[in-house]
Each structure stands twice: as C-alpha cells, then as structure tokens.
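Worksheet: one structure, shown below.
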Number of protein chains: 2
Amino acid sequence: MAEQWNINTVKQYLIEKDIKPSVQRLAVMTYLLEHRTHPTVEEIFNDLKDKIPTISKTTIYNTLKLLALKKAILSITIDEKMVRYDGYVDRHAHFICLSCGKVVDVPLKEMIEFPKTENVEGFALEETHVYHRGYCMDCLKEN
Amino acid sequence: MAEQWNINTVKQYLIEKDIKPSVQRLAVMTYLLEHRTHPTVEEIFNDLKDKIPTISKTTIYNTLKLLALKKAILSITIDEKMVRYDGYVDRHAHFICLSCGKVVDVPLKEMIEFPKTENVEGFALEETHVYHRGYCMDCLKEN
DNA sequence: TTTCAAAATTGTAATCATTACAAATTTGAT
DNA sequence: ATCAAATTTGTAATGATTACAATTTTGAAA
C-alpha cells in the first residue's frame, strides 16, 4: 500500500474537504481508506460497531452521504441491490463479478482512455464512472 | 428517429436474441424501443397496463431480467434508487441529472474513447458502462 | 465553568423497489 | 383433444434506504 493513514492525516483530509471530523466520521473515512473492498453500509456498520458500540446504522448512512457530497469518497452504483463505497477518489474504473459479487478496482492504464467529462456539451458534470461487469478468475476456475 | 419498428421486426429481433416472443415480451421490448427515456419498472408497468390490462408488475420484472440476460436490452444502474432500462444496446454512455433525475444518452463521439473491455486482463467481461452525473441545462437555467 | 443553541447522533418506524413463491393460464407438440 | 412445460399473475415477504423525533454532543459566549 502506497499511503499510510493515521488519525491526524485523516482528520486533516476531512477538514480539507470541509467536513467536521467527528469520531464517527473519522471512523468511517478511515475504514474506507483501510478497506479497499468497496463495502456496503451493512459491512461498514458491522465492523465499526465493535470499535464504537454506540454507533448507529443511520449515522453510517448520514456520514457516507455527507462524505460523498463533499467528494471525500465515491458512491458506486455498480451493484443492483446496494450502494457500495470507495475511499479513493482518483480516477479509476470498477469491476463487479456477476457470480460472487466482489467489486475490484481496474487501473486506468488497462483502458484506452478515461472519458473526458469536460467534453460533454450542455451539462454541468460532477462525476464520471466506468463500470465493468463479468466474471472474476476465482469464479471462472470453479466452473 | 432513424429506425422504425413494427410488431414483426420486434418479434424477429427477440427471436434472434433467443427469446420466445410472447405478447408481454413484445410489449416491453417495443416500449423500450419507442421510449428512449430509460424508464423504470414502474413507468413501463403504468403505461403498458392500458394496452394489456391483465399484465402484472412481476411480469415486467421477469421480462426485463430475461431481456437483459439475453442482451436484448441494457439495465442501467446510474440511479441509486431504481434500475432503469434501455432498449438500445449499441455502445453509448449515460448522463443523469442530479436535480430532476432525467437520464439521457451521451453519444460516444463526445468522449475520447470508449473503454475497451477486451483490455482488462484476468476477467471475463460481459458489459461496460459509462455514467456521467451532473446537472442538465433545464435545471441549470432554473437556478 | 456554566449556559444554551446549533449540530450531530441515535433508535424506531415507515417507505418502497425488488424478489419469492405458488396458483392460474397459455402454449405447443403429439 | 390432451397434457406437460413454459409463462404469467397476485400476494406476501424481503431488505436497503429514508423520515423523523428524541437524545446527546459540541463549542462559542457569558
């Protein structure tokens, strides 16, 4: 892993993004930086409630909505059932395995070119997502 | 509109895609070819029940799932709440207005290059989607 | 430090898209 | 005309997300 996060660097990151760094927000943001699995609300909640027993699922929802609004994280709609979240906001694509549901990052260099949002006329663009669907190696081997 | 569809050409299209053309499947497929609004299940159901009063929402769900599986249509997960559907399966991107929820097609020529799915190593890729989020002209004018 | 209003968090109840499932209907080959 | 398989349908269940009101925390001013 290229970067190393501690409580102060994460706190600083949130402040830069105009987010007041509460204990819960720090925990969610840190979780997403340390778990590059594109977790769901359920997964984040289940893991965080061990460290912060009083945390509620509504707070996870509120926090993720705020972090995404402030562009500190990405919300990923690649899965038809649940929204997934990504703590890394640099440009990259995503892949979901239609068999096991796993979501992984796809480096940009494996694509010809990331679409230039600036080139779409007549709209004020906020974000662009590239999603791939298919079957991962692990699932392909099993069948 | 470049293409003109009638019941026979749609029937032929379904057969080509290995889908038995029932009345309901023809109605859903025709609806998607004639309404390029990326409708939801609710919208399709509400419009079709006038022509086919006995049609059920479950059939709409079943049919859309089958059509998407056979790659006769696209299922679009650009909207966090509901899946939307597109009767056109040629390569193009989508844009959703974060204000009014409208989903429109974005021609490929407005992007540098559509990502080449063949270039992603280690996965068997089925589909690739490019989604843009932002604000449409109509909503920008109002604010 | 005390006070107090604004912000944040929490728990519960409601919403609503989607799915499960079993019954009813239709289809198509014999 | 028969009958099994495929399709359609209606209802009930599921489960992610949101609404909302109550509680707690924060942080500035006295």
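Being a predicted model, the structure only gives us computed values, none of them experimental. Lettering follows sequence order; numbering is per chain, from 1.
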Intermediate values then yes/no, side-chain hydrogen bond (donor to acceptor under 3.5 Å, both in side chains), B/His35 and B/Asp47:
CA-CA 11 Å; B/His35 298 79; B/Asp47 285 2; 4.7 Å; no

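Qualifying side chain to side chain donor-acceptor pair (under 3.5 Å) partners for B/Ser56, counting only residues two or more places apart in sequence or in other chains: B/Thr59.
Rounded to an integer number of Å, the gap from A/Leu14 CG to C/dA7 P is 19 Å. D/dA6 atom C1' lies 15 Å from atom CD1 of B/Ile19, rounded to whole Å. When rounded to the nearest whole Å, the span between CG of B/Leu67 and P of D/dT8 equals 10 Å. Rounded to an integer number of Å, the gap from A/Leu26 CG to C/dT9 C1' is 15 Å. Distance, B/Met29 CE to D/dT7 C1': 19 Å, rounded to whole Å. Between the CZ atom of A/Arg25 and the P atom of D/dT26 there is a distance of 12 Å, given to the nearest Å. Rounded to a whole Å, the CE atom of A/Met82 is 17 Å from the C1' atom of D/dT18. When rounded to the nearest whole Å, the span between NZ of B/Lys65 and P of D/dA6 equals 19 Å.
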Enumerate the protein-to-nucleotides 19-23 of chain D contacts in which both atoms are nitrogen or oxygen and the separation is below 3.5 Å.
none

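Closest-nucleotide positions on DNA chain C for A/Lys57 and A/Leu66 were compared, and the one nearer the 5' end corresponds to A/Leu66. Residues B/Val23 and B/Glu80 each lie close to DNA chain D; by heavy-atom proximity, the contact nearer the 5' end of the strand is made by B/Val23.
Heavy-atom neighbours of A/Lys51 NZ from other residues, nucleotides or ligands within 6.0 Å: at or below the threshold of 12. Heavy-atom neighbours of A/Lys11 NZ from other residues, nucleotides or ligands within 6.0 Å: at or below the threshold of 12.
Of all the residues in residues 37-56 of chain B, B/Thr54, B/Ile55, B/Ser56 reach under 4.0 Å from DNA chain D with at least one non-hydrogen atom.
Classification of the A/Tyr131-A/His94 ring pair by plane angle, with boundaries at 30° and 60°, yields tilted.
For the OP1/OP2 pair of C/dT10 and a distance below 4.0 Å, the side-chain nitrogens and oxygens of A/Gln24 include at least one atom meeting the criterion. Within the structure, a side-chain polar atom (N or O) of A/Ser22 is placed less than 4.0 Å from OP1 or OP2 of C/dT9. In this structure, B/Tyr61 does not reach the C/dT19 phosphate: none of its side-chain N or O atoms is under 4.0 Å from OP1 or OP2.
Taking a cutoff of 4.0 Å between a charged side-chain nitrogen and a carboxylate oxygen, B/Arg133 and A/Glu127 qualify as a salt bridge.
Between the side chain of A/Arg36 and the backbone N or O of A/Asp105, no donor-acceptor pair lies under 3.5 Å. Checked by atom type and distance alone, the side chain of B/Arg84 never pairs as donor or acceptor with a backbone atom of B/Ile76 at under 3.5 Å. Side chain of B/Thr30 to backbone of B/Leu26: a donor-acceptor contact under 3.5 angstrom is found.
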